[in-house]
Amino acid sequence: MAKPKLLLIDGNSLAFRAFYALINQVDRFVNHEGLHTNALVGFNNLLDGIVDPFKPDKALVAWDAGKTTFRTNTYDDYKGNRDKTPSELVEQFEPLRKMVELHGIKNYQLVDYEADDIIGTIAKQGELDGFAVTIVTGDRDMRQLVSDNITVWLTKKGITEIDKYTPELVAEVYGGLTPEQVVEVKGLQGDPSDNYPGVPGIGEKTAIALIQAYNTIPELYENIDAMKKSKRKENLIAYKHDAFLSRDLARIRTDAPLQISLSDLDYQGIQYEALIPFYQHLDFKQQLVKMANQGYTISGEKASAQQPIEVRELTANNLAHIENLGNEVDFYLEMDGENYHRAAAVGFVIGNAEHGYFASRDLELLYQDTPVYRCLVNSDVKKNVFNAKATYVALHRLNVPLDGVDFDLLLVAYLLDVNDNNNDLGALAHENNYFDVATDEEVYGKGAKFAVPENNQDFFEHLGRKAQAIGCLKNDMFEQLKAHEQMALYTDIELPLTFVLAEMEITGITVNADRLLSMQSKLIERLSELEQTIYQQAGHEFNIQSPKQLGVILFEEMGLKPLKKTKTGYSTSVEVLEQMTDVPMVESILQYRQLAKIQSTYVEGLLRVIHGSDSKVHTRYLQTLTQTGRLSSVDPNLQNIPVRLEEGRQIRTAFVPSHAGWSILSADYSQIELRVLADITGDPHMKDAFINDEDIHAATARRIFNIPAEVPVDGNMRRQAKAVNFGIVYGISDFGLAKNIGTDRATAKQIIDTYLNEYAGVKTWTTEIIEFAREHGYVETIAHRRRYLADIKAKNFNLRSFAERTAMNSPIQGSAADIIKIAMIKMQQTLQAKQLKSKMLLQVHDELIFEVPAEELDIMHELIVKIMDSAVKLSVPLKVETHEGKTWYDAK
DNA sequence: TCTCTCACG
DNA sequence: ACGTACGTGAGAGAC
């Protein structure tokens with residue numbers, strides 16, 4: 001029989017985690033009485049997401065009792081450097097306990113002891129009494145309690161992601177040490193956050209190595225005389241007292257004098273009825289809606305179960321209603337899949353709050369000359385939609401040329417917070433405090449279970465609620481755009497761009513399938529030859545495409561030295577394999593990988609998505625996904641077609657114009673990101689280089705390697721300078737640069753320092769932009785595209801460093817994205833105004849691809865350059881290069 | 001569904 | 001002492 005389950009939760013540690021996970025939005029989570037609720041929200045998610053599904057037999061949430069404990073008695077400064085707990089969190093402790101109680105779990109605290117000691121003591125008792133014990137905490141030191149019967153669930157980032165620590169995982173993380181040895185490591189290492197010292201100069205790595213060698217701190221000191229003379233030895237001796245003190249402080253007690261026992265901890269289950277008023281008090285609307293949907297009655301003023309909505313079925317007989325909707329309507333077209341180039345429209349809804357909503361499955365009601373059609377194509381009637389591009393393309397397939405779109409909920413939500421990648425209407429509405437609509441997953445299910453309801457009432461109600469949500473959210477979200485100075489970004493860039501992209505997607509690009517098929521047969525032949533060679537070289541057959549199997553062969557059977565590891569085993573990536581090309585098999589593997597990639601991703605992948613009707617591929621540009629404002633391309637991704645290696649580049653010969661005699665014309669911005677950098681930082685040297693149209697990498701090389709004007713820049717120096725320029729754009733580190741140019745770290749650091757001295761404007765800007773991000777919590781582009789950086793103040797070095805690099809990179813990458821988007825809009829307008837036959841087909845971040853009839857080639861070269869380089873006025877010139885050819889391959 | 005690898009700017 | 005360059009999508013294997 002399975003063991004009974006005992007669940008122990010570290011209330012304090014998790015409340016802090018929950019609080020700080022949502023610290024950026026602390027002022028958004030406030031109830032009607034002014035009580036902050038961010039920690040409560042996070043803790044509730046934890047209880048719902050982890051505890052309730054766990055179904056424990058017994059459970060306890062342990063809390064700290066107060067500031068003084070036996071540890072502060074031993075060591076005055078214990079946790080002495082902690083900031084005072086913010087009052088916004090303090091006020092949440094009482095309701096947190098209540099929340100725990102209503103979830104059927106006992107709270108407990110004990111004077112002079114911390115939550116960990118309570119948990120340690122109960123955990124050991126539980127283990128003795130035959131329970132399977134699980135501890136949930138954010139405190140890494142709790143891993144000392146792990147045993148065969150005690151698992152520690154440690155929260156990672158945020159509070160819903162966890163690592164489950166068993167003795168095996170502890171050993172893995174601590175280089176083979178046991179859970180008991182965690183305190184030995186901590187003793188040497190100390191803990192700055194709890195303000196206890198350890199031994200100076202010893203960090204986690206060294207501490208682990210020492211404990212691996214000596215087992216425990218006492219044993220280490222017994223043998224210390226035999227240790228080689230070193231600074232470390234001196235420190236160990238000098239700080240012996242601190243080591244023992246820290247070890248003692250880190251040890252969790254398992255003998256706290258508790259006044260409760262296991263028999264008091266029976267898990268009672270959730271007290272649903274009592275939770276309702278509690279959630280009402282906290283204004284947990286979403287939880288209440290969920291409970292209402294589960295059939296609980298929610299009454300009172302604060303009740304937030306969905307309000308009833310009336311959605312009438314639209315038929316051929318009541319179309320007159322549509323004539324009377326006025327000059328603003330909410331519209332939503334439902335499809336049965338996400339690829340709107342192929343998915344079938346299955347229903348629609350139209351209406352507004354004033355005149356009601358009308359839904360139907362009958363698409364004929366949209367056809368030409370119906371009132372719905374007239375409404376949709378009339379530019380004087382404002383349309384509020386969700387995902388204008390999808391709606392436009394799908395309606396285009398039904399021969400309805402949508403016009404007059406004013407509000408696109410998806411697009412606006414993205415501009416307000418690019419972090420939020422949720423593409424579900426219901427979920428986005430909830431995030432904007434609108435709860436009168438469910439998510440698609442709740443109504444339609446997901447994956448294989450996805451199905452639009454057969455029942456008209458359910459289906460139309462959901463559609464009606466969606467349209468209503470769009471209409472209701474419009475004003476508030478427009479206000480937010482204005483407050484962020486993003487209205488122009490929306491009306492002048494993103495919204496017009498949506499329709500430019502829609503047209504490009506609809507136009508598609510012709511792919512010569514025969515060409516791909518002939519490449520395919522050659523590839524298959526070469527791959528099978530290589531396969532046989534590799535099997536011979538390995539001595540047996542195996543799956544070449546499995547990194548796991550390949551790792552075993554290379555690093556175990558053949559005894560090669562593993563140069564790099566991944567989370568799960570040996571790395572076999574190109575950078576590793578390229579260092580062992582003296583082994584013939586490795587050469588073959590690299591060759592095989594290269595060809596297999598071309599064959600599966602590009603040849604087969606593209607053949608799969610060519611539309612039978614027009615021999616074209618129609619990608620979808622995702623306009624609301626990237627954190628920087630770039631587009632992305634899916635189904636197929638046409639932004640990563642091979643170009644660097646000749647073998648792959650051949651794929652481009654299959655991309656051809658859609659008419660005989662036409663050409664492919666490509667136009668790319670030269671060094672757009674560095675030009676943006678020069679403009680934003682205002683650095684005079686960098687600007688001069690661009691104003692004088694110099695080779696920027698050579699110019700950089702001259703400055704960082706101090707090469708006089710009369711001496712030519714050699715290729716290697718230019719290559720290094722180029723890497724530095726890239727590094728600057730990405731938010732440089734000496735390690736990263738060293739890896740990239742193959743020098744040591746000190747040299748890389750030297751180069752970076754020289755660069756920043758030479759280009760002082762860049763240096764100043766990088767400090768300022770990080771400063772700005774710290775102060776405001778976000779950075780923005782020249783068009784006010786905003787990116788929030790939640791981790792900019794993180795204590796964790798890695799998270800913070802990443803946020804700092806992002807603060808430098810996003811304005812640059814994002815401003816470059818702004819520029820090409822503006823150029824695309826102007827380009828499309830000009831093609832139309834001049835009634836040219838040429839079509840814009842693709843965008844690849846800094847490059848636009850067109851198909852052009854012979855008679856328009858000259859004018860197009862000229863027009864494109866003119867429009868692209870004048871899209872935005874910067875303090876440095878923009879430079880555009882064009883190329884034409886019979887295929888995309890030849891347009892180089 | 002996650003991880004690894006590799007294609008692009 | 002930390003572990004490192006920014007932004008993407010897709011296919012294949014392993015679980």
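Keep in mind that this is a model prediction, so the values were computed, not measured. Lettering of chains follows the sequences in order, A, B, ..., and the numbering in each one begins at 1.
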Could you check whether A:Thr653 and A:Arg515, counting side-chain N and O atoms only, form a donor-acceptor pair closer than 3.5 Å? yes
For B:dC4, does either OP1 or OP2 sit under 4.0 Å from a side-chain N or O belonging to A:Thr568?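 Yes, because at least one side-chain N or O of A:Thr568 sits under 4.0 Å from OP1 or OP2 of B:dC4.
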Summary of protein contacts for nucleotides 9-15 of chain C, nucleotide by nucleotide, where a base hit scores B, a sugar-phosphate-only hit scores S (4.0 Å, heavy atoms): BSSSSSS
State which of B:dC4, C:dT8, C:dA5 makes the closest approach to the side chain of A:Leu737. C:dA5
Nearest to the side chain of A:Asn798 - C:dG7, B:dG9, C:dC2? C:dC2
Can you tell me which stems DNA chain C forms, taking runs of 3 or more consecutive Watson-Crick or G-U pairs with both distances under 3.5 Å?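 Output for stems: B:1-9 with C:6-14.
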Given atom CD of A:Glu647 and atom P of B:dA7, what is their separation to the nearest angstrom?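 After rounding, the gap between these two atoms is 11 Å.
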Base, sugar-phosphate, or nothing: which does [X] touch, judged by heavy atoms less than 4.0 Å apart?
X	answer
A:Ser810	nothing
A:Ile598	nothing
A:Glu673	nothing

Rounding to the closest angstrom, what is the interatomic distance between C:dT4 and B:dT3 at atom P?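 Their P atoms lie roughly 15 Å apart.
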For A:Ser633 versus A:Gln639, what's the shortest heavy-atom pair and its separation?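 In terms of heavy atoms, the two residues are closest at N-OE1, 3.4 Å.
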Give me the ring orientation class for A:Phe726 and A:His697: parallel if the planes are under 30° apart, tilted from 30 to 60°, perpendicular past 60°. parallel
